[in-house]
Structures are given as C-alpha cells and as structure tokens.
Amino acid sequence: MTEDETRSLLAEHAASLFARGFSVGSAGNISTRLDDGGYLITPTNSSLGRLDPARISRLDAAFVHIGGDKPSKEVFMHRAVYTARADAGAVVHLHSTMATAVACLPEVNPDNPIPPLTPYFVMRVGRRMPIVPYYRPGDPAMEPAIHAAARDARAVLLANHGPVVSGRTLTDAVYAAEELEEAAKLFLLLRGAAPRLLTETQVEDLLRTYG
Ligand code: 13P
C-alpha cells in the first residue's frame, strides 16, 4: 500500500469509528507504521470524524515529527506499544464508552478485567488485557508503564481513560478495538450474572487457529 493509500485508509477507519460513537469530540488517536519504518499519526486536537488525509502527521522511524500537522500529544503512548511489540503495525487509542467504563471499575482484576466471553474477543485481543494505572492524558510518565504492560498484551486499558489497542495492520487494530468495545459491553451487561465462559481448551484452540 502506498503512503497516500494508507493516509486515506486511516481517515476512513477514523471517520467510521467516529460515526458510530467510538470517539467523540477530539478524543482518540490512531497511528500506523509505514513501509520505510516511519509512522502516520492523527494530529493533536483533531476529530477522528473529519481528518484530512494529507494533513495527518508524519513521524520518522525515531518518532520525530517530519510532516503534516502537529502530532497527537500521545506519540509516546504509541511508541510504548511499537517498542514493546515487534508485531504491532498500528495502534488505536479510543475513549470508547464501554471499555472506559470497565477501566473505571475498582473491583475488576487489573491483570485481566474481561474474561473470555466470545471467540472474536479472544481472536482479536488475545487472552490478556491488563489495566495500566491512571496518568494524566499527555503525561509522558505513562510510557514505561504502557511499554511493560504491552509486552505480553495486544491491548491495555488505561485506568479511567480508555483502551490502547495494537494490531498487525491498521485494519486489524481497528477491528480489535471494536471487538474490545463489544466485549466490554457484554461484560457490563452480564455483571452480577454468572455467564458461561469459554474454557481454557476453547481459548487455546482459538489462539492456535487464529492467534
Ligand atoms: P490528542 O488530540 O493529542 O491526540 O489527544 C487526544 C486523546 O485521546 C488524549 O487521550
């Protein structure tokens, strides 16, 4: 895919997420790695609903801003994931309602708050999604915490803030963020019930087949 095609795809996914309420206002940011080792990332204070593909920020392989509008103030959040995960080709950060609600619950398991309820959650997000303690948005102190948590998790939840989700490709990361939001919704719907969970054998089978 050319850089221009990637810019268009990023704007398309962002607009779709915005249109369905996965982000509001100027919340959220999305990045993807390019063939030359550099990155595209959404500009700071931009609405995911109205990105101009040509103005999406361009970073070099060292995450230095080299083109487009001023990048998201959370470049370091994305860098934390790319440097932790060689398989990450894109990172999606949202303030999506259900995942953020789970990130506000003090009683959930901080190592893995959402159990394996559905196969697509396991296939897209994996078996573990830890919660990273609260940091102010834009606080670079969150980088080492996200880096450590992302080493063995494709997605992490920032406490009282929202999800950070990686994928091999931009589309994979967007799909994973969508599955995470649905799983969070199911988890909240089923709170207080005793739902049947996927068994360890079923989780293993999914990861072996699709992981
Ligand atoms: P930016 O507008 O700088 O990307 O920040 C948005 C955001 O989601 C903060 O968490």
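Just so you know, residue 1 is the first one in the sequence shown, and it goes up from there. Counting convention: from 1, in listed order, for ligands and their atoms alike.
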Residues in side chain to side chain contact (heavy atoms under 4.5 Å, CB included) contact with L207, at least two apart in sequence or another chain: V122, R127, V203
Before giving the answer on side chain to side chain donor-acceptor pair (under 3.5 Å), spell out for H161 and H93 the whole-Å C-alpha distance, their side-chain angles and the decisive distance to 0.1 Å. CA-CA 10 Å; H161 182 172; H93 166 55; 3.1 Å; yes
Please, which pairs that meet side-chain hydrogen bond (donor to acceptor under 3.5 Å, both in side chains) have at least one residue in residues 17-27, sequence neighbours excluded? S16-R20, R20-E178
List for me each residue that meets side chain to side chain contact (heavy atoms under 4.5 Å, CB included) alongside A177, sequence neighbours excluded, and say none if there are none. V92, L94, V165
Dump the pairs for me: ligand 1 N or O, protein N or O, distance under 3.5 Å, to 0.1 Å.
{"unit_1": "ligand 1", "atom_1": "2 (O)", "unit_2": "N45", "atom_2": "N", "d": "2.7"}
{"unit_1": "ligand 1", "atom_1": "3 (O)", "unit_2": "T44", "atom_2": "OG1", "d": "2.6"}
{"unit_1": "ligand 1", "atom_1": "3 (O)", "unit_2": "K73", "atom_2": "N", "d": "2.9"}
{"unit_1": "ligand 1", "atom_1": "3 (O)", "unit_2": "K73", "atom_2": "NZ", "d": "3.3"}
{"unit_1": "ligand 1", "atom_1": "4 (O)", "unit_2": "N29", "atom_2": "ND2", "d": "2.9"}
{"unit_1": "ligand 1", "atom_1": "4 (O)", "unit_2": "S72", "atom_2": "OG", "d": "2.7"}
{"unit_1": "ligand 1", "atom_1": "5 (O)", "unit_2": "K73", "atom_2": "NZ", "d": "3.0"}
{"unit_1": "ligand 1", "atom_1": "8 (O)", "unit_2": "G28", "atom_2": "N", "d": "2.8"}
{"unit_1": "ligand 1", "atom_1": "8 (O)", "unit_2": "H95", "atom_2": "NE2", "d": "3.0"}
{"unit_1": "ligand 1", "atom_1": "10 (O)", "unit_2": "E74", "atom_2": "OE1", "d": "2.6"}
{"unit_1": "ligand 1", "atom_1": "10 (O)", "unit_2": "H93", "atom_2": "NE2", "d": "3.2"}
{"unit_1": "ligand 1", "atom_1": "10 (O)", "unit_2": "H95", "atom_2": "NE2", "d": "3.1"}
{"unit_1": "ligand 1", "atom_1": "10 (O)", "unit_2": "H161", "atom_2": "NE2", "d": "2.7"}

Does the side chain of F22 reach to within under 4.5 Å of the side chain of L48, using non-hydrogen atoms? no
Any idea how Y39 and Y82 line up, ring-wise: parallel (<30°), tilted (30 to 60°), or perpendicular (>60°)? tilted
